[in-house]
Visitor: 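One structure follows; several queries about it will come next.
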Amino acid sequence: MSTEQGPRPHRVLVLNSGSSSVKYQLLDMADSRRLAVGLVERIGEDTSRIVHTPLTEGAGGEREVTGRVADHRAALEAVAAELAKDGLGLDSPELAAIGHRVVHGGRLFTRPTVIDDAVLAEIERLVPVAPLHNPANLMGIRTARRLRPDLPQVAVFDTTFHTTMPEYAARYPIERETADAHRVRRYGFHGTSHGYVSRKAAELLDRPLAELNLITLHLGNGASAAAVRGGICVDTSMGLTPLEGLMMGTRSGDVDPAVVFHLKRVAGMETDETDALLNKRSGLLGICGDNDMREITRRMDEGDEDARLAFDMYVHRLKKYIGAYAAVLGRVDAVVFTAGVGENAAAVRQAAVDGLEGFGMAVDPELNAVRSGVSRLISPGYSRVAVAVVPTDEELEIAEQTYALVGPDTRPAPEGADSPVAPPG
């Protein structure tokens with residue numbers, strides 16, 4: 001009898017399902033190479049759009065399809081159809097697994113987890129603390145499971161990296177019984193990014209991650225900071241939800257909680273309206289009408305005072321968190337900028353570090369001005385603390401964690417075997 005086997009599956013499809021969108025990437029884990037990337041947006045509207053870019057040799061360029069995509073099932077079917085045109089369909093025997101970004105894993109999920117019915121139920125139980133994100137993540141998971149029920153599927157949680165925070169950093173100083181009954185605590189987000197760039201920063205510095213104290217700054221439309229000691233998160237700026245912390249594109253970041261009560265009393269604003277105000281109409285957008293840092297810096301350079309105020313507020317709060325986390329860590333080896341603003345806005349990086357020479361931090365203007373897609377130092381040689389730009393790659397991180405768990409060189413665990421070990425809370 002022949003023992004010859006077909007090709008071993010080594011591809012991972014990464015799905016990031018939002019309330020009205022699905023972002024996806026197909027990666028070949030044999031060499032961490034992207035085979036295709038794409039986006040389905042405005043799901044449920046007549047103006048739905050699919051943008052698909054195959055990256056295999058000879059596949060052609062970007063394709064765009066417009067027309068109503070009714071729901072997430074239709075969206076994933078459209079993704080499968082576009083991939084199939086390039087010979088990369090979901091029915092391919094080379095597809096090893098599907099990895100899903102899940103925003104909120106609470107305290108229970110302390111590592112990437114094979115999805116079964118019990119895992120789905122727990123993700124759903126966390127909806128009250130992640131009402132904007134977990135429902136959409138669940139829709140994507142359920143749809144993918146219906147399309148490929150035979151395929152291992154893995155949840156990779158934004159919160160996992162931050163489950164190492166000590167209790168004194170994770171708890172809010174409110175009545176314990178009330179907090180515990182309703183899961184009110186600080187969870188943190190952007191964990192896949194903070195974990196990824198921490199490791200890449202250690203490679204850049206050519207030092208063991210276990211020896212390093214890092215401040216990682218994920219600055220995109222959403223923004224968060226983390227204090228990382230020896231590869232372990234000890235504090236982060238986001239909390240129960242992604243609203244806490246730094247000033248962001250449309251989110252306020254830190255505000256006095258009494259603002260909510262004040263707006264209720266004097267303006268009659270109900271919970272949903274205040275929620276929308278703080279999450280969607282605040283931050284950079286609320287101050288100057290723009291949430292694109294490129295446009296803000298352009299306007300600022302032309303003398304626009306509203307843009308200048310927004311920029312100064314953004315940098316002021318960023319600098320405060322750098323200083324706070326320097327105090328938490330005691331010794332800082334590197335400050336690491338990442339994500340859209342962190343990787344591309346030289347003015348933000350320069351302004352955030354200016355005045356921190358007493359902390360051993362400085363930026364070389366010439367190095368900082370270089371635009372590059374690779375990890376690099378932007379601090380002068382004399383700087384005691386390295387300042388670095390490290391491009392994040394959350395999709396690769398999700399793919400790697402998924403493949404490590406259920407790839408062909410590992411033994412897929414039976415359902416429930418990868419249930420996390422931390423107690424629920």
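Note that this is a predicted model, so its numbers are computed, not measured. All values below come from the heavy atoms of this structure, side chains included, with hydrogens, waters and symmetry mates left out.
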Visitor: Could you label the plane-to-plane angle of the H194 and H162 rings as parallel, tilted or perpendicular, counting under 30° as parallel and over 60° as perpendicular?
Guide: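 Perpendicular.
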Visitor: With a 4.0 Å cut-off, would you call R299 and E302 a salt bridge?
Guide: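 Here R299 does not pair with E302 in a salt bridge, since their nearest N and O are not under 4.0 Å apart.
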Visitor: Under a 4.5 Å cut-off applied to non-hydrogen side-chain atoms, are L15 and L13 in contact?
Guide: yes
Visitor: Does S237 offer a backbone N or O that forms a donor-acceptor pair with the side chain of Y325 under 3.5 Å?
Guide: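 Indeed, once roles are kept as given, a pair shorter than 3.5 Å links the two residues.
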Visitor: Are E122 and R125 ion-paired here, with the side-chain N under 4.0 Å from a carboxylate O?
Guide: yes
Visitor: Please confirm whether the backbone N or O of S379 pairs with a side-chain atom of D364, one donor and one acceptor, at under 3.5 Å?
Guide: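 No, because the side chain of D364 does not come within donor-acceptor range (under 3.5 Å) of the backbone of S379.
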Visitor: In the structure I gave you, are the side-chain heavy atoms of E167 and R185 within less than 4.5 Å of one another anywhere?
Guide: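 Yes, at least one pair of side-chain atoms sits under 4.5 Å.
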Visitor: Give the minimum heavy-atom separation between L35 and R11, together with the two atoms involved.
Guide: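 Answer, listing the atom of L35 first, then R11: CD1-NE, 3.5 Å.
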Visitor: Show the nearest heavy-atom pair for residues P112 and L405, with the distance to one decimal.
Guide: O-CD2, 3.7 Å
Visitor: I need the S252 OG to M247 CE distance, nearest 0.5 Å.
Guide: 9.5 Å
Visitor: Does atom CZ of R68 have more than 12 heavy-atom neighbours from other groups under 6.0 Å away?
Guide: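 Correct, the count exceeds 12.
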Visitor: When you compare the side chain of Q401 with that of T160, does any pair of heavy atoms fall below 4.5 Å?
Guide: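 T160 does not reach Q401 side chain to side chain.
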Visitor: Check for a donor-acceptor pair, side chain of N291 on one end and backbone N or O of L285 on the other, with a separation under 3.5 Å.
Guide: no
Visitor: Starting from the C-alpha separation in whole Å, work towards a yes-or-no answer on salt bridge (charged side-chain N to carboxylate O under 4.0 Å, His left out) for E82 and K85.
Guide: CA-CA 5 Å; E82 291 302 315; K85 293 177 184 177; 2.9 Å; yes
Visitor: Looking at D235, is its backbone amide N or carbonyl O close enough to the side chain of R186 to form a donor-acceptor pair, meaning the two atoms are under 3.5 Å apart?
Guide: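 Judged by distance alone, no pair lies under 3.5 Å.
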Visitor: Show, in sequence, the C-alpha distance, side-chain angles and deciding distance for L39 and S21, and conclude whether the side chain to side chain contact (heavy atoms under 4.5 Å, CB included) test is met.
Guide: CA-CA 7 Å; L39 166 69; S21 68; 4.2 Å; yes
Visitor: Walk me through whether V353 and F359 qualify under side chain to side chain contact (heavy atoms under 4.5 Å, CB included).
Guide: CA-CA 10 Å; V353 177; F359 289 82; over 6 Å; no
Visitor: State, with a plain yes or no, whether a side-chain heavy atom of T164 is found less than 4.5 Å away from one of V234.
Guide: no
Visitor: Scan for salt bridge (Lys or Arg N to Asp or Glu O under 4.0 Å) pairs involving residues 322-343, sequence neighbours excluded, and state none if there are none.
Guide: R207-D333, R331-D333
Visitor: So, the side chain of T236 versus the backbone of A225: is there a donor-acceptor pair under 3.5 Å, distance only?
Guide: yes
Visitor: Please examine the side chains of I123 and I141, heavy atoms only from C-beta on, and report whether any two atoms are closer than 4.5 Å.
Guide: yes
Visitor: Restricting to non-hydrogen atoms, name the atom on V40 and the atom on A75 that form the minimum distance, rounded to 0.1 Å.
Guide: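 Looking at all heavy atoms of both residues, the closest pair is CG1-CB, 4.0 Å.
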Visitor: Distance check, rounded to the nearest 0.5 Å: R142 atom CZ versus L138 atom CG?
Guide: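 Here the interatomic distance stands at 5.0 Å.
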Visitor: Report the distance from atom CD of E395 to atom OG1 of T402, rounding to the nearest 0.5 Å.
Guide: 11.5 Å
Visitor: Measure across L217 and L318 and return the closest heavy-atom pair with its distance rounded to 0.1 Å.
Guide: CD2-CD1, 3.9 Å
Visitor: Any salt bridge linking R63 with D86? Criterion: basic side-chain nitrogen under 4.0 Å from a carboxylate oxygen.
Guide: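 Between D86 and R63 there is a salt bridge, with a charged N closer than 4.0 Å to a carboxylate O.
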Visitor: Look at the side chain of K319 and the backbone N and O of D354, then say whether any donor-acceptor pair between them is shorter than 3.5 Å.
Guide: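 Yes, the answer is positive, given that a donor and an acceptor are paired below the 3.5 Å cut-off.
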Visitor: Only one of K200, R34, R199 clears salt bridge (charged side-chain N to carboxylate O under 4.0 Å, His left out) with D393; which?
Guide: R34
Visitor: Any ion pair linking R73 and D71 (charged N to carboxylate O, less than 4.0 Å)?
Guide: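 Not counted as a salt bridge, because no side-chain N and carboxylate O are separated by less than 4.0 Å.
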Visitor: What is the distance from atom NE2 of H100 to atom CD1 of I398, rounded to the nearest 0.5 Å?
Guide: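 Separation between the atoms: 10.5 Å.
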Visitor: Minimum heavy-atom separation for H190 to A223, with atom names?
Guide: CE1-N, 3.8 Å
Visitor: For G360, is there any backbone N or O sitting under 3.5 Å from a side-chain donor or acceptor partner on S383?
Guide: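 Side chain of S383 to backbone of G360, a donor-acceptor pair under 3.5 Å: yes, one is there.
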Visitor: Could K23 and E394 be called an ion pair, given the rule that one side-chain N must be under 4.0 Å from one carboxylate O?
Guide: no
Visitor: Once rounded to the nearest 0.5 Å, what's the spacing between atom NE2 of H133 and atom CG of N16?
Guide: 9.0 Å
Visitor: Is there a side-chain contact between F337 and V390 (heavy atoms, below 4.5 Å)?
Guide: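 Not in contact.
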Visitor: Is a side-chain donor or acceptor of T53 paired with a backbone partner of V51 at a separation under 3.5 angstrom?
Guide: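 Not a single qualifying donor-acceptor pair exists.
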Visitor: Does the side chain of P152 come within less than 4.5 Å of V114's, by heavy atoms?
Guide: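 V114 does not reach P152 side chain to side chain.
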Visitor: Under a 4.0 Å threshold between the charged nitrogen and the carboxylate oxygen, would D117 count as salt-bridged to R145?
Guide: yes
Visitor: Does R171 come within less than 4.0 Å of D180, counting only side-chain N to carboxylate O?
Guide: yes
Visitor: The criterion is side chain to side chain contact (heavy atoms under 4.5 Å, CB included); which residues satisfy it with Y382, sequence neighbours excluded?
Guide: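 Listed in chain order: A362, P380.
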Visitor: My understanding is that only residues two or more places apart in sequence, or in another chain, count here; which of them pass ring pair (Phe, Tyr, Trp, His ring centres under 6.0 Å) with H52?
Guide: Y24
Visitor: Is it true that, when you exclude R294 itself, more than 12 heavy atoms of the residues, nucleotides or ligands shown sit nearer than 6.0 Å to its CZ?
Guide: no
Visitor: Quick one: closest heavy-atom pair of T392 and S193, and the distance?
Guide: OG1-OG, 2.8 Å
Visitor: Under the side chain to side chain contact (heavy atoms under 4.5 Å, CB included) rule, what do M238 and S224 come out as? Steps first, then yes or no, please.
Guide: CA-CA 6 Å; M238 285 180 168; S224 62; 3.9 Å; yes
Visitor: Kindly indicate, with the supporting measurements, whether the criterion ring-ring contact (aromatic ring centres under 6.0 Å, His included) is fulfilled by F109 and H104.
Guide: CA-CA 9 Å; F109 294 107; H104 213 310; over 10 Å; no
Visitor: Out of curiosity, R308 CZ to I287 CD1, how far, rounded to the nearest 0.5 Å?
Guide: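 Atom-to-atom, R308:CZ and I287:CD1 are 15.0 Å apart.
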Visitor: Using a 3.5 Å distance criterion without hydrogens, assess whether the side chain of N279 forms a donor-acceptor pair with backbone atoms of D275.
Guide: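 Yes: the side chain of N279 pairs with the backbone of D275.
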Visitor: Under the side chain to side chain contact (heavy atoms under 4.5 Å, CB included) criterion, do R42 and S20 qualify, and how do the steps go?
Guide: CA-CA 5 Å; R42 299 193 287 272; S20 61; 5.9 Å; no
Visitor: Any donor-acceptor pair under 3.5 Å linking the side chain of N137 with the backbone of S17?
Guide: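 Looks like yes, one N/O pair under 3.5 Å.
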Visitor: Do T192 and D158 come within less than 4.5 Å of each other through their side chains, counting heavy atoms only?
Guide: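 Yes, at least one pair of side-chain atoms sits under 4.5 Å.
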Visitor: Would you say CZ of R371 has more than 12 non-hydrogen atoms from neighbouring residues, nucleotides or ligands within 6.0 angstrom?
Guide: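 No, CZ of R371 has 12 or fewer neighbouring heavy atoms, counting only those of other groups under 6.0 Å.
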